[in-house]
Amino acid sequence: PALAFVPRKANGRAVLYLHDAGMKHDAAPGGPIDALVDQGCVVLAAELRGIGETETGFRRRAYGAGRFGRDLLEVLTAYLMGKNYVGMRTDDVTAWARYLQSSALTNEAPSDIRLIAHGKVAVPALHAAALDGKAFDEITLHKMIPSWEAIVAAEETFDQPANVVHGALKHYDLPDLVEFVGKDKVRLVDAVDVMGRPVR
């Protein structure tokens, strides 16, 4: 599911807006999405699997949910199937980007697309930007962890299984992806540590 916000006078720009609390989180009048629409941007606030309306409610009290996150069972199921949740959510981001690139919401395709991601969806959003360098003209990642190395080095973490790709550190880390996409295109805002606390 997704919510589409189309201004009366579009400026040709589109924003893919992702939030780990769901598509409705910043959609209230006078909120961040409203501000983007006032600027003339078409905004698509979209869900990724396991978030918002696609979250499995009864699992909020499931084993490990307090320490390892509410989507732990889905993460482990993906792992047993030889997949990882970051990759699956990256596919979701890519699918939404393709939808925005089409002229589905307006009569013409946008001239440029901006990606805004908050919290746990920032890691798959960064991967989507790295896999298709032309998909997004600007990427803003709010409350993203600094690195996977920080997870490995920490004595304890909170809600991180959905953020990791098993074995990835043999090849790359999150700062490498930022560099690959381009530091001029990626903006990191209000970074958090592996416990979810603000990094100072």
Side-chain angles (χ1 to χ4, degrees), residues 15-23 25-26 32-33 36 45-52 55 64-76 78-79 83-94 96-97 113-200:
V15 178
L16 178 56
Y17 199 96
L18 308 171
H19 202 293
D20 64 359
M23 62 186 180
H25 185 75
D26 286 340
I33 291 176
L36 291 166
E47 305 277 45
L48 304 186
R49 69 189 72 206
I51 291 171
E55 181 180 9
R67 172 62 64 179
F68 301 112
R70 297 188 301 206
D71 40 20
L72 177 64
L73 295 180
E74 286 85 357
V75 172
L76 294 176
Y79 176 71
K83 299 182 178 183
N84 67 77
Y85 226 44
V86 170
M88 294 167 78
R89 284 179 171 168
T90 298
D91 288 342
D92 295 341
V93 177
T94 302
W96 285 122
I113 298 176
R114 182 178 170 194
L115 174 62
I116 300 175
H118 294 259
K120 284 193 298 185
V121 296
V123 172
L126 178 59
H127 278 78
L131 289 171
D132 187 353
K134 296 179 181 178
F136 306 106
D137 297 274
E138 184 182 328
I139 301 103
T140 304
L141 306 172
H142 295 263
K143 297 185 178 179
M144 189 176 82
I145 56 173
S147 67
W148 286 326
E149 190 175 331
I151 293 176
V152 175
E155 292 183 6
E156 62 175 336
T157 65
F158 179 78
D159 198 11
Q160 293 304 326
N163 269 335
V164 299
V165 177
H166 297 279
L169 274 175
K170 295 176 183 176
H171 308 285
Y172 71 98
D173 201 348
L174 301 179
D176 299 320
L177 287 185
V178 172
E179 216 167 294
F180 181 75
V181 174
K183 290 184 178 180
D184 57 324
K185 287 179 67 172
V186 180
R187 192 163 66 99
L188 303 174
V189 180
D190 300 329
V192 294
D193 65 15
V194 295
M195 293 295 292
R197 299 172 298 212
V199 174
R200 292 178 182 154

- Item | Considering all heavy atoms, the nearest E55-G50 contact | CB-O, 3.6 Å

- Message: With rounding to the nearest 0.5 angstrom, report the CZ to CD1 distance, R187 to I116.
- Response: 8.0 Å

- Item | Donor-acceptor under 3.5 Å (Q160 side chain, F158 main chain) | yes

- Message: With a 3.5 Å distance limit and no angle check, can you tell me whether D92 reaches the backbone of L48 through a side-chain donor-acceptor pair?
- Response: no

- Task: Would you check, one step at a time, whether the test side-chain contact (heavy atoms from CB on, under 4.5 Å) holds for V164 with V123?
- Result: CA-CA 9 Å; V164 299; V123 172; over 6 Å; no

- Does the N84 side chain pair with the main chain of V86, one donor and one acceptor, at a distance under 3.5 Å? yes

- Message: Ignoring hydrogens, what is the shortest heavy-atom contact between P161 and F68? Give both atom names and the distance.
- Response: CD-O, 3.1 Å

- What distance separates S147 OG from L169 CG, expressed to the nearest 0.5 Å? 8.0 Å

- Indicate whether the side chain of Y17 and that of D26 have a donor and an acceptor atom separated by less than 3.5 Å. yes

- Which atoms form the tightest heavy-atom contact between E156 and M195, and what is the distance? O-SD, 3.5 Å

- Note on the structure: Taken to the nearest 0.5 Å, the spacing of K83 NZ from M88 CE works out to 5.5 Å

- Query: Which class fits the ring pair H25 and H19: parallel under 30°, tilted 30 to 60°, perpendicular over 60°?
  - Reply: tilted

- Item | Whether H166 and Y79 hold their rings parallel, tilted or perpendicular, with breakpoints at 30° and 60° | tilted

- Taking Y85 as the fixed residue, which of V75, V165, L76 is the one that meets the side-chain contact (heavy atoms from CB on, under 4.5 Å) rule? V75

- Message: Quick check against the 3.5 Å criterion: does E47 have a side-chain atom that pairs as donor or acceptor with the backbone of M23?
- Response: yes

- Write down the atom of I51, the atom of G22, and the distance for their closest heavy-atom approach. CG2-N, 3.7 Å

- Item | Verdict with supporting geometry, L174 and H127, side-chain contact (heavy atoms from CB on, under 4.5 Å) | CA-CA 9 Å; L174 301 179; H127 278 78; 4.1 Å; yes

- Message: I'd like to check R114 versus D137 (side-chain heavy atoms, cut-off strictly below 4.5 Å). Are they in contact?
- Response: no

- Quick one: CZ on R67 to CG on L72, what's the gap to the nearest 0.5 Å? 12.5 Å

- Query: Looking only at heavy atoms, which two atoms of V192 and P146 are closest? And how far apart?
  - Reply: O-CD, 3.1 Å

- Note on the structure: dist T90:OG1 -> D132:CG (nearest 0.5 Å) comes out at 12.0 Å

- Message: Using a 3.5 Å distance criterion without hydrogens, assess whether the side chain of W148 forms a donor-acceptor pair with backbone atoms of Y172.
- Response: no

- Task: Would you please test D159 and D71 for side-chain contact (heavy atoms from CB on, under 4.5 Å) and show each step?
- Result: CA-CA 9 Å; D159 198 11; D71 40 20; 4.3 Å; yes

- Query: CD1/I145 to NZ/K120 distance, rounded to the nearest 0.5 angstrom?
  - Reply: 11.5 Å

- Message: For L126 and I139: C-alpha separation, side-chain torsions, deciding distance, then whether side-chain contact (heavy atoms from CB on, under 4.5 Å) applies.
- Response: CA-CA 8 Å; L126 178 59; I139 301 103; 5.5 Å; no

- Query: Of the non-hydrogen atoms in V194 and A154, which two are nearest, and what is the gap between them?
  - Reply: CG2-CB, 3.5 Å

